[in-house]
Trainee: 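Following this message is one structure expressed as structure tokens.
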Amino acid sequence: MAGKTMSDASSSTIGGAERGESVVYDCRRRKSSCGYCKSGSRGSITHGLWAPDNLTVDDYQDLLDRGWRRSGCYLYKPEMERTCCPSYTIRLKASDFVPSKDQLRVSRRFQRFLDGALEHDKAVEHSEVSSTSEGGSHALNGESHSVGKNSMSFKNEENEEDRFMLHLSDIVADSIRLYTKNIVLPRSIQIPKASVKRVSHAKKKLLVQGSQNLIYSCNVAFQLSASIRRAQVGEMKIDNLASSESNTAETGFIPKIIAEKLVNHLSQVDELSSFSIKPCNGHINFYSEEGEASFPKSAEKANISQETARARSKDSSMEKNPKCSLPKRRKFELRLKRSSFDPVEYALYRRYQLVVHNDTPDRISEASYRNFLVDTPLNFVPSTGDGTVPPCGFGSFHQQYLIDGKLVAVGVVDILPRCLSSKYLFWDPAYAFLSLGKYSALQEIEWVKQNQMHCASLQYYYLGYYIHNCGKMRYKATYRPSELLCPLRYTWVPFDAVKPLLNQKSYVVLSDSSLQQNGESSLPKVPNDMELEQNADFLEEPDDVNMDEDGEMAEAYSDSSDEDLDSDSSGLPSSDMEDQDVTNILIGIGDSRMRYKDIQQAISPSGRSYLENQLIRYKRVVGKELSERIVYILR
């Protein structure tokens, strides 16, 4: 208590520490640099609590539903009206989930890899692993890789666009598969390999007005039409080629119609939303308002790797040569284990941070990994077999993804009475072409569905925080139909209903929109520490696609400054007596538990003022019920 003295109040205790009793301490506001917008002025402002080793899953579930999250044993909640990037808790009811075409494509791609139709070259690992943000050398898996700034770029500007065009080609190839799956084609047809090329400046000058925004083009519709025509000639044994051409046109297999069909498929792929895709006399053209800067600036953003290109080449050759031996299937395993330190997982985490996030070795020590992803304050609750707890129990878990016995990804999750809360995912960079971030989200949603029969209350999938003006967060809203938590009334509001408001300002009282849609003209007054920020700036950024890049607060309590809660200037209504009544807050001093009203008179006036300001803030950010249920430890 900041050096203040207190007389013995043991006679006022209401019980010592009990099993299943949540304990927190040190409620502070923290300001740190923002990992999303790199704001140098406002920065990220959060409320923080420590929950050292004893937090019930029921209490943490209620904290989640008031906008809190955890990083290890540290709990944090954005101060929404002040922080630079307001972060809304986002969730999805698993039974209502409708996968998008892009998400279905990820599942099919993963299955093709397991079936052996896609391959990856282990040599890719050496080129992907050998990069850090500043250059230098580091050791991975017992090997030392030397990296310099010049070699690190390894033809970045050229190679990255080449890889992105391969990625576009792969998406077009998937669209061809969808298209040909729903039509009757000759049995002997050989599907051509799609190839997307950049349109040169010389060709643009010869085209119509507006072609300056034409970036890429693909002529696979001509090749597919010709392939169909050749197959028809062979199977029907028609000697007159003109007759075959007439038949091809009559059945709709001319380049112009094929291109239009393929564009219909491509226009529904989420990761191509930054392009305007149009058919033009049999060509598939990709337009972009950004002009020359349209392709992603890193292979990671393009979500394509060299192994994808090799896989496409092998897949095509197998289609052309049906006599090839059947590919070897891969074994896929999902293992759910309670959160604990595993050296194999830690080695994978280091590799992921170094390669994907360009982190430095000194920032990914074993201690920081334990603090972030291993340590947990949640009490484990074993299965009871009565339909109230799933077979694995409640608590913190690591879900391991293994292919042929090799660990390729780890999802860190909390399984709670009403939800599976996804905390973080890290994966092997050599398997980036499988979009493991997206795939893991689909698996976690499916896990919730399957476990509802064991625990009826477990219905939701929580994706963490959603930041509308952060491109790396926008993918979360593609898991539909999702809901956002209103930061004022703590009610859930459909994302689609409030998206127009978020397009205008970054901080919104989401339930206002819901009440207005229901025809209510007046809004109830709800005591809280949030006030509407009228002039919030909004920055529109392009979508990113990797699920694991949600940027959970790995260093939530580092590089930050604490502000005492009595220095608050948040504009809270001082006349709200109920909100300022802290007499029933549960206080812990040593082994004693008591209500604040029982020790209030034992504190000096100056100490009482300081402590009550802390408790008022604490009550407002955790809520009245939790403040009277969770033990707040005084240090």
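Bear in mind that the values here come from a model prediction, so they are computed numbers and not experimental data.
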Trainee: Mind checking whether Phe97 and Tyr479 have parallel, tilted or perpendicular rings, split at 30° and 60°?
Mentor: parallel
Trainee: Considering non-hydrogen atoms only, spot the tightest contact between Ser422 and Val413 and give its length.
Mentor: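 That closest heavy-atom pairing would be CA-CG1, 4.2 Å.
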Trainee: Would you say the side chains of Gln400 and Glu333 form a donor-acceptor pair under 3.5 Å?
Mentor: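 On atom types as modelled, these side chains do not qualify, holding no pair under 3.5 Å.
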Trainee: Check whether NZ of the Lys or CZ of the Arg Arg91 lies under 6.0 Å from the centre of the six-membered ring of Tyr461 and within 45 degrees of that ring's axis.
Mentor: no
Trainee: Where does the angle between the aromatic ring planes of His468 and Phe495 fall among parallel (under 30°), tilted (30 to 60°) and perpendicular (over 60°)?
Mentor: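 Ring orientation, 0 to 90° scale: tilted.
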Trainee: State plainly whether the residues Asp496 and Lys499 are in salt-bridge range, i.e. N to O under 4.0 Å.
Mentor: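 Salt bridge between Asp496 and Lys499, a charged N being under 4.0 Å from a carboxylate O: no.
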Trainee: Can we call the ring centroids of Phe372 and Tyr424 under 6.0 Å apart?
Mentor: yes
Trainee: So that I can tick it off, tell me whether Arg350 and Asp359 are bridged by a salt bridge, with the cut-off set at under 4.0 angstrom between side-chain N and carboxylate O.
Mentor: no
Trainee: Residues two or more places apart in sequence or in another chain: which of them pass salt bridge (Lys or Arg N to Asp or Glu O under 4.0 Å) with Lys337?
Mentor: Glu345
Trainee: Distance-only, no hydrogens or angles: does the Arg109 side chain make a donor-acceptor pair with backbone N or O of Leu434 under 3.5 Å?
Mentor: no
Trainee: Test your reading of the model: is there a side-chain donor-acceptor pair from Trp68 to the backbone of Val621, 3.5 Å cut-off?
Mentor: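 Confirmed, Trp68 side chain pairs with Val621 backbone.
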Trainee: Are a donor atom and an acceptor atom from the side chains of His357 and Tyr352 found within less than 3.5 Å of each other?
Mentor: yes
Trainee: Please determine whether a side-chain nitrogen of the Lys or Arg among Arg480 and Asp96 lies less than 4.0 Å from a carboxylate oxygen of the Asp or Glu.
Mentor: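 Between Asp96 and Arg480 there is no salt bridge, as every charged N stays at least 4.0 Å from the carboxylate O atoms.
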Trainee: Report yes or no: does Lys619 contribute a side-chain atom to a donor-acceptor pair with the main-chain N or O of Val582 at less than 3.5 Å?
Mentor: no
Trainee: Return yes if some donor-acceptor pair links the side-chain N/O of Ser457 with the main-chain N/O of Pro417 below 3.5 Å, else return no.
Mentor: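 The answer is yes, because a donor-acceptor pair under 3.5 Å joins these two groups.
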Trainee: Checking Ser435 against Arg105: is there a side-chain donor and acceptor pair closer than 3.5 Å?
Mentor: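 Checked: Arg105/Ser435 side chains show no N/O donor-acceptor pair below 3.5 Å.
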Trainee: A cation-pi test, strictly: NZ or CZ of Arg338 under 6.0 Å from the centre of the six-membered ring of Phe380 and no more than 45 degrees from its axis. Yes or no?
Mentor: yes
Trainee: Would Ser339 and Ser396 count as having a side-chain donor-acceptor pair, cut-off 3.5 Å?
Mentor: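 Not at all, the side chains of Ser339 and Ser396 share no donor-acceptor pair under 3.5 Å.
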Trainee: Would the distance check show the side chain of His398 and the main-chain N or O of Asp342 forming a donor-acceptor pair, the cut-off being under 3.5 Å?
Mentor: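 Judged by distance alone, no pair lies under 3.5 Å.
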Trainee: Could you tell me whether the side chains of Gln353 and Tyr369 share a donor-acceptor contact shorter than 3.5 Å?
Mentor: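 No, no side-chain donor-acceptor contact under 3.5 Å.
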Trainee: Both conditions, 6.0 Å and 45 degrees, for the charged tip of Arg418 above the ring of Tyr460: are they met here?
Mentor: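 Pair Arg418/Tyr460 does not count as cation-pi.
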Trainee: Taking ring-ring contact (aromatic ring centres under 6.0 Å, His included) as the criterion, tell me which of Tyr349, Tyr401, Tyr431 meets it with Phe426.
Mentor: Tyr349
Trainee: Set out, in order, the CA-CA distance, both residues' side-chain angles and the distance that settles side-chain contact (heavy atoms from CB on, under 4.5 Å) for Cys392 and Leu336, then state yes or no.
Mentor: CA-CA 8 Å; Cys392 63; Leu336 189 66; 3.9 Å; yes
Trainee: Flag the pair Lys406 and Asp428 as a salt bridge only when some basic side-chain nitrogen lies within less than 4.0 angstrom of an acidic carboxylate oxygen.
Mentor: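 Salt bridge present between Lys406 and Asp428.
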Trainee: Mind checking whether Tyr465 and Tyr88 have ring centres under 6.0 Å apart?
Mentor: no
Trainee: Could you tell me whether the side chains of Asp58 and Thr56 share a donor-acceptor contact shorter than 3.5 Å?
Mentor: no
Trainee: Is there a donor-acceptor contact under 3.5 Å from the side chain of Ser100 to the main chain of Gln103?
Mentor: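 It does hold such a pair.
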Trainee: Are a donor atom and an acceptor atom from the side chains of Ser511 and Arg489 found within less than 3.5 Å of each other?
Mentor: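 Their side chains do contain a donor-acceptor pair, which is all the 3.5 Å distance test asks for.
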Trainee: Under 4.0 Å between a Lys/Arg side-chain N and an Asp/Glu carboxylate O for Arg629 and Asp62?
Mentor: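 Yes, Arg629 and Asp62 are salt-bridged.
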Trainee: Does either side chain, that of Thr360 or that of Asp362, offer a donor lying less than 3.5 Å from an acceptor on the other one?
Mentor: yes
